[in-house]
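Below is one structure, written out as structure tokens; comments come after it.
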Amino acid sequence: MNVPCFATVLLGASLALPGWLLADDPAPPPILSQDGHKIVSLDVRNDVPSMPTITFFLRYPKGLSPKDKVEGVFADVTHLTLKQSLQAWVKRASKDDANFQFADDHKLVIVTWTTATMYSIADSFTVDPEEERDPNNSMEDCFRTWKIGMDRLCRDYGLPTSGYLIYGYSRGAQWAHRIVLRSPEKFLAVHIHINSSYAEPDPKASHCPWLLTTGELEHGNKAARIFYQKGLALNYPILLRIYPGKAHEVFPEEVNLGLKFFEYALELKDQQLKVLAAKEATSLTTSSSDQPFVLDESLLEAFRHPAYYGDMLNGDVYPASQISILPEFQRVGIPTVDIARAWGYFHP
């Protein structure tokens, strides 16, 4: 298969536009990050007047190129609206971004895209789910454009179509969790940080482990607690960590916690794939590669009956046998010792 090295493609999201509108000029080679990672981009026409184009970037793990197979997809969603700003962000060296380094270590391609304001702080749980999914809703337009872009990237570069990790912060988190709620079958695990508005959780996303992190002084703090409780009621495997004294900011503690969380999600994925491979080895049938990867409920047992409990605000963590030490309204079940150690103050 001939794979274009660098896609500067304008795609029509509107139903009135004829198919895929490709640029006439030959595709130039990939651009390079500061430390030599190959990066390709894609522009997709969007039907939202305030955001006429969504630009996607793919950042390949060190040593791999668009013609190589990757082990998975890490969606890293920011608050950046301008293509030039996002390009500068994705070109940074891996040593300057723990998520980039994690993606390198696990041979995951980073995918990111431009975002724009669609919701205000006051929009948490105030938009009716049916209204939010109305075809004329701006976020619904953006989701259709996002899906067109992701489908094209998967087709052109042979990317997996599911099993994605997704991290978003600030406006990126507002977009990230709404995309997961609209297309949960694509995602393995979700970490959203300091988003100030939340949509109603959907039961269909209960197979995804969720991590919510925020600051005690962040104005989305209350909404994060509500989303967490609503998620629990829907049987989400979900964690909430609120950092004292922190406001609307990214900080190493939440990044480290998120990567331990993603590490565990990848371990669960590997366990399930090994079981499937063993079954196929003793069977005349094979599983369909067209089916999205969804974690089996049996692998979420450590969320349902956690070995540890943490204080969502103060950060203390104790074995489940000492759960009574923690205030009931601040207890969060923690599935692994690695996540427990990254939570805050571990008391084994």
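Given the structure is predicted, the values throughout are model-derived calculations rather than measurements. Positions are given from 1, in the same order as the sequence printed here.
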Search all heavy atoms of [X] against all heavy atoms of [Y] and return the closest pair with its distance.
{"X": "Y198", "Y": "A223", "answer": "CD1-CB, 3.5 Å"}
{"X": "A342", "Y": "K260", "answer": "CB-CG, 3.8 Å"}
{"X": "G163", "Y": "K269", "answer": "O-NZ, 4.0 Å"}
{"X": "R178", "Y": "A199", "answer": "NH2-N, 3.8 Å"}
{"X": "H219", "Y": "H248", "answer": "NE2-ND1, 4.4 Å"}
{"X": "L299", "Y": "Y264", "answer": "O-OH, 4.3 Å"}

In a table with atom names and distances, give each donor-acceptor pair under 3.5 Å that connects a side chain of residues 205-215 to protein atoms at least two apart or in another chain.
unit_1: S206; atom_1: OG; unit_2: P203; atom_2: O; d: 3.0
unit_1: H207; atom_1: ND1; unit_2: K204; atom_2: O; d: 3.3
unit_1: H207; atom_1: NE2; unit_2: P184; atom_2: O; d: 3.0
unit_1: W210; atom_1: NE1; unit_2: A205; atom_2: O; d: 3.2
unit_1: W210; atom_1: NE1; unit_2: C208; atom_2: O; d: 3.3
unit_1: T213; atom_1: OG1; unit_2: H191; atom_2: NE2; d: 2.8
unit_1: T213; atom_1: OG1; unit_2: H193; atom_2: ND1; d: 2.8

Has the side chain of [X] got a donor or acceptor atom that lies under 3.5 Å from a matching backbone atom of [Y]?
{"X": "H177", "Y": "A173", "answer": "yes"}
{"X": "W175", "Y": "T117", "answer": "no"}
{"X": "K186", "Y": "T161", "answer": "yes"}
{"X": "H106", "Y": "A103", "answer": "no"}
{"X": "D97", "Y": "S94", "answer": "no"}

Is there side-chain contact between [X] and [Y], with heavy atoms separated by less than 4.5 Å?
{"X": "I39", "Y": "P30", "answer": "no"}
{"X": "F227", "Y": "F125", "answer": "yes"}
{"X": "P61", "Y": "V70", "answer": "yes"}
{"X": "L234", "Y": "P201", "answer": "yes"}
{"X": "S85", "Y": "K83", "answer": "no"}
{"X": "L257", "Y": "R241", "answer": "yes"}
{"X": "S124", "Y": "S197", "answer": "yes"}
{"X": "Y308", "Y": "F346", "answer": "yes"}

Listed pairs under 3.5 Å, donor-acceptor, residues 108-115 side chains, sequence neighbours left out:
unit_1: T112; atom_1: OG1; unit_2: D76; atom_2: O; d: 2.6
unit_1: T114; atom_1: OG1; unit_2: T55; atom_2: N; d: 3.0
unit_1: T115; atom_1: OG1; unit_2: T78; atom_2: O; d: 3.0
unit_1: T115; atom_1: OG1; unit_2: R171; atom_2: NE; d: 3.4

By salt bridge (charged side-chain N to carboxylate O under 4.0 Å, His left out), which residues pair with [X], not counting sequence neighbours?
{"X": "E297", "answer": "R304"}
{"X": "E200", "answer": "K230"}
{"X": "E140", "answer": "R182"}

For this session: Quick one: sort the F251 and Y243 rings into parallel, tilted or perpendicular, breaks at 30° and 60°.
Result: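 If you compare the ring of F251 with that of Y243, the planes turn out perpendicular.
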Exercise. Parallel under 30°, tilted from 30 to 60°, perpendicular over 60°: which one fits the rings of Y157 and Y60?
Worked result: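 Judged by the thresholds at 30° and 60°, the geometry between Y157 and Y60 is perpendicular.
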Is [Y] reachable from [X] through a run of hydrophobic residues whose side-chain heavy atoms are each under 4.5 Å from the next?
{"X": "L58", "Y": "W89", "answer": "yes"}
{"X": "V294", "Y": "F303", "answer": "no"}
{"X": "I323", "Y": "L240", "answer": "no"}

Problem set entry | Among F100, Y164, F262, ring-ring contact (aromatic ring centres under 6.0 Å, His included) partner for F74 |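 Going through the options one by one, the only one that passes is F262.
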For this session: Report the C-alpha separation of L326 and Q330 in whole Å, then their side-chain angles, then the decisive distance to 0.1 Å, and conclude whether the side-chain contact (heavy atoms from CB on, under 4.5 Å) test is met.
Result: CA-CA 7 Å; L326 299 173; Q330 291 183 188; over 6 Å; no
Return all side-chain donor-acceptor pairs below 3.5 angstrom for residues 312-321, not counting sequence neighbours, or 'none' if the list is empty.
unit_1: N314; atom_1: ND2; unit_2: D311; atom_2: OD2; d: 3.3
unit_1: D316; atom_1: OD1; unit_2: H347; atom_2: NE2; d: 2.9

Exercise. Would you call D96-R92 a salt bridge at under 4.0 Å N-O?
Worked result: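 Between R92 and D96 there is no salt bridge, as every charged N stays at least 4.0 Å from the carboxylate O atoms.
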For this session: Evaluate side-chain contact (heavy atoms from CB on, under 4.5 Å) for L188 paired with L295, printing each intermediate quantity in order.
Result: CA-CA 7 Å; L188 172 66; L295 280 177; 3.6 Å; yes
Problem set entry | Separation of M150 CE from I179 CD1 (nearest 0.5 Å) |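 The distance works out to 9.5 Å.
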Exercise. How about E218 and S196: does a side-chain donor come under 3.5 Å of a side-chain acceptor?
Worked result: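 Judged by distance alone, the side chains do pair up.
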Problem set entry | Step-by-step side-chain contact (heavy atoms from CB on, under 4.5 Å) determination, C142 to N46 | CA-CA 7 Å; C142 290; N46 191 30; 3.4 Å; yes
For this session: Show your reasoning for whether side-chain contact (heavy atoms from CB on, under 4.5 Å) applies to Y169 and I192.
Result: CA-CA 6 Å; Y169 66 91; I192 51 176; over 6 Å; no
